[in-house]
**Student:** 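Here it is, the structure, as structure tokens.
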Amino acid sequence: MEKQDIESGDVYKELCEKFEQGKSKRNAEVLRSFLNDDRIIDFRGQHAEYLHLRSLRAEAFTLFGHYLKASREYQLAVAYAPPTRKWEFLLQQSEMLLWHLIINKSTDEASDIFLKCEKTLDKAMENIPAGKDKIFQQITVAGLNAFLKGLNQQTSEGVSLLKKMNFLPVPIPQYNDKNELVILFRYFFMGMAVAIEAKDRQLLLQMLKVISIDDQTLYGEKNLFRLLWETMNQAFDMRPEFAEGFNQLFNQRNHLSPAYPNLRYFLDNVGAGMHTALDLFFSEFK
């Protein structure tokens, strides 16, 4: 191994450890030191390491609430990503723009960021590679795009977009494999959120088919909220990234008004354990 490669490996390890230390200890000074370290540019010839470091930098920026800067990190990564993964970095770039809009929706630049997010999601959809997971990757991108439209008071357009998707159930072997379809489960609740906001029973049932592992519950339970909550709890237990995606929206629910009043009502009542109120709420779905 060349001396230069050894030194490069040491720097890579140092940067990764610095990020992990800052994150685990909630140490803002260490995280800022990591973000101010410009040695990342030396890894542009080592694509795997470069992409990982860009992702770590994006995560660090999100810990400070700097979503636009995080989106820029993913944007810089796209050109270095292999063709099969470009859509992932475009999706993550879009997610950061989306969170900026959720938290800072009244800023003067909101309309420009909305358009940029929309275009980036379109690029993500175009770059999805052929393969057995393509349909699930399309559902993932469509879910974020539909949520984006809802933020712009276009919930009906978001519903129409989702209804174009083919909601197939995740095969049980892939459901049980924690390394499979991680991105689908991480972002899936965003699409479900649009169906909840629209009070669209049929769309919600179609979406639940994707993540349900219990056909008896799916086709036997008539109470829509109970069916939803049981299916979600199964997914929480089996796929922690689904819980992570749900919790992120739940924790930011105060920022969902006025675009998502029904979703906010759902999340508030989940937090309060008001399941009887939610039984009534979901009985209104058509």
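This one's a predicted model, so the numbers in the text were calculated from it and none came from an experiment.
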**Student:** Treat each ILVMFWY residue as a node, draw an edge where side-chain heavy atoms are under 4.5 Å apart, and state whether Leu161 and Leu115 are in one component.
**Tutor:** no
**Student:** Indicate whether the side chain of Asn127 and that of Arg85 have a donor and an acceptor atom separated by less than 3.5 Å.
**Tutor:** no
**Student:** Got a donor-acceptor contact below 3.5 angstrom from the Tyr175 side chain to the Ile211 backbone?
**Tutor:** yes
**Student:** Does Val30 belong to the same Ile/Leu/Val/Met/Phe/Trp/Tyr cluster as Leu56, with side-chain heavy atoms less than 4.5 Å apart forming each link?
**Tutor:** no
**Student:** I want to check something: taking the side chain as every heavy atom from C-beta on, are Met190 and Thr140 in contact at a cut-off of under 4.5 Å?
**Tutor:** no
**Student:** Give the intermediate values and the outcome of side chain to side chain contact (heavy atoms under 4.5 Å, CB included) for residues Lys13 and Asp10.
**Tutor:** CA-CA 5 Å; Lys13 182 180 178 182; Asp10 289 343; 5.7 Å; no
**Student:** Please say which of Leu203, Leu228, Leu263, Leu249 ends up in a side-chain contact (heavy atoms from CB on, under 4.5 Å) with Met192.
**Tutor:** Leu228
**Student:** Report the distance from atom CE of Met165 to atom CD1 of Ile135, rounding to the nearest 0.5 Å.
**Tutor:** 8.5 Å
**Student:** Under a 4.5 Å cut-off applied to non-hydrogen side-chain atoms, are Tyr260 and Phe147 in contact?
**Tutor:** yes
**Student:** May I ask you to test the Asp200-Lys286 pair for a side-chain heavy-atom distance under 4.5 Å?
**Tutor:** no
**Student:** Report yes or no: do Ser33 and Lys18 form a side-chain donor-acceptor pair below 3.5 Å?
**Tutor:** yes
**Student:** Kindly write out the residues that satisfy side-chain contact (heavy atoms from CB on, under 4.5 Å) with Ala48, not counting sequence neighbours, or none if the list is empty.
**Tutor:** none
**Student:** Angle between ring planes, Trp229 versus His275, binned at 30° and 60°: parallel, tilted or perpendicular?
**Tutor:** perpendicular
**Student:** Decide yes or no for Glu197 and Pro261: does some side-chain heavy atom of the first lie under 4.5 Å from some side-chain heavy atom of the second?
**Tutor:** yes
**Student:** Any side-chain heavy atom of Lys116 within less than 4.5 Å of one from Lys119?
**Tutor:** no
**Student:** Whether Glu244 and Arg239 form a salt bridge (side-chain N of Lys/Arg under 4.0 Å from carboxylate O of Asp/Glu) is what I want to check.
**Tutor:** no
**Student:** Do Tyr265 and Phe281 pass the ring-ring contact (aromatic ring centres under 6.0 Å, His included) test, and can you show the C-alpha distance, the side-chain angles, and the key distance before you say yes or no?
**Tutor:** CA-CA 9 Å; Tyr265 180 85; Phe281 174 67; 5.1 Å; yes
**Student:** Could Glu73 and Arg57 be called an ion pair, given the rule that one side-chain N must be under 4.0 Å from one carboxylate O?
**Tutor:** yes
**Student:** Side-chain contact test, heavy atoms from C-beta onward, threshold under 4.5 Å: evaluate it for Lys149 versus Thr155 and give yes or no.
**Tutor:** no
**Student:** When rounded to the nearest 0.5 angstrom, what is the spacing between CG in Leu121 and CG in Leu90?
**Tutor:** 9.0 Å
**Student:** Main chain of Leu208, side chain of Ser212: is a donor-acceptor contact present, judged purely on distance under 3.5 Å?
**Tutor:** no
**Student:** Tell me whether Phe282 shares a hydrophobic cluster with Met274, the cluster being built from Ile, Leu, Val, Met, Phe, Trp, Tyr side chains joined at under 4.5 Å.
**Tutor:** no
**Student:** Please determine if Asp268 and Arg264 form a salt bridge, counting it only when a charged side-chain N lies under 4.0 Å from a carboxylate O.
**Tutor:** yes
**Student:** What I'd like to find out is whether the side chain of Phe89 reaches to under 4.5 Å of the side chain of Ser55, using heavy atoms alone.
**Tutor:** yes
**Student:** Under the criterion ring pair (Phe, Tyr, Trp, His ring centres under 6.0 Å), which of Phe188, Phe236, Tyr187, Phe185 is the partner of Phe246?
**Tutor:** Phe236
**Student:** What class does the angle between the rings of Phe189 and Phe242 fall in, given that below 30° is parallel, 30 to 60° is tilted and above 60° is perpendicular?
**Tutor:** perpendicular
**Student:** Supply the atom-to-atom distance Met96 CE to Leu98 CG, rounded to the nearest 0.5 angstrom.
**Tutor:** 8.5 Å
**Student:** Under the 3.5 angstrom rule, does the side chain of Asn251 hit a backbone N or O of Asn247 as a donor-acceptor pair?
**Tutor:** yes
**Student:** Val182 and Phe136: same hydrophobic cluster, using ILVMFWY side-chain contacts below 4.5 Å?
**Tutor:** no
**Student:** Would you mind checking if Arg226 and Asp279 are paired as a salt bridge, meaning a charged N to carboxylate O distance below 4.0 Å?
**Tutor:** yes
**Student:** Does Glu29, at its CD atom, have more than 12 non-hydrogen atoms belonging to other residues, nucleotides or ligands within less than 6.0 Å?
**Tutor:** no
**Student:** Measuring only between side-chain heavy atoms, which start at C-beta, is Ile183 closer than 4.5 Å to Gln137?
**Tutor:** no
**Student:** Would one find more than 12 heavy atoms of other residues, nucleotides or ligands at under 6.0 Å from atom NZ of Lys199?
**Tutor:** yes
**Student:** Quick one: does Asp177's side chain have a donor or acceptor within less than 3.5 Å of a partner on Pro173's backbone?
**Tutor:** no
**Student:** Transitively linked via ILVMFWY side-chain contacts under 4.5 Å: Leu280 with Leu204?
**Tutor:** no
**Student:** Quiz question: by atom type and distance under 3.5 Å, do the side chains of Glu118 and Asn152 form a donor-acceptor pair?
**Tutor:** no
**Student:** Are Glu241 and Lys178 close enough for a salt bridge, meaning some N to O gap below 4.0 Å?
**Tutor:** no
**Student:** Could you tell me the separation between the CG atom of Leu224 and the OG atom of Ser283, rounded to the nearest 0.5 Å?
**Tutor:** 9.0 Å
**Student:** Are Arg186 and Gln248 close enough that a side-chain donor and a side-chain acceptor fall under 3.5 Å?
**Tutor:** yes
**Student:** Just how far is it from atom CD1 of Ile128 to atom NZ of Lys86, taken to the nearest 0.5 Å?
**Tutor:** 14.5 Å
**Student:** Is there a ring-ring contact (aromatic ring centres under 6.0 Å, His included) between Phe43 and Tyr50? Walk through the geometry before answering.
**Tutor:** CA-CA 5 Å; Phe43 289 90; Tyr50 183 75; 8.3 Å; no
**Student:** Output yes when Glu180 and Lys132 qualify as a salt bridge under the 4.0 Å nitrogen-oxygen rule, no when they do not.
**Tutor:** yes
**Student:** For a side chain to side chain contact (heavy atoms under 4.5 Å, CB included) check, start with the C-alpha distance between Val210 and Leu168, then their side-chain angles and the critical distance, and finish with the verdict.
**Tutor:** CA-CA 5 Å; Val210 178; Leu168 294 178; over 6 Å; no
**Student:** Nearest 0.5 Å please: distance from the NE2 atom of His52 over to the SG atom of Cys16.
**Tutor:** 5.0 Å
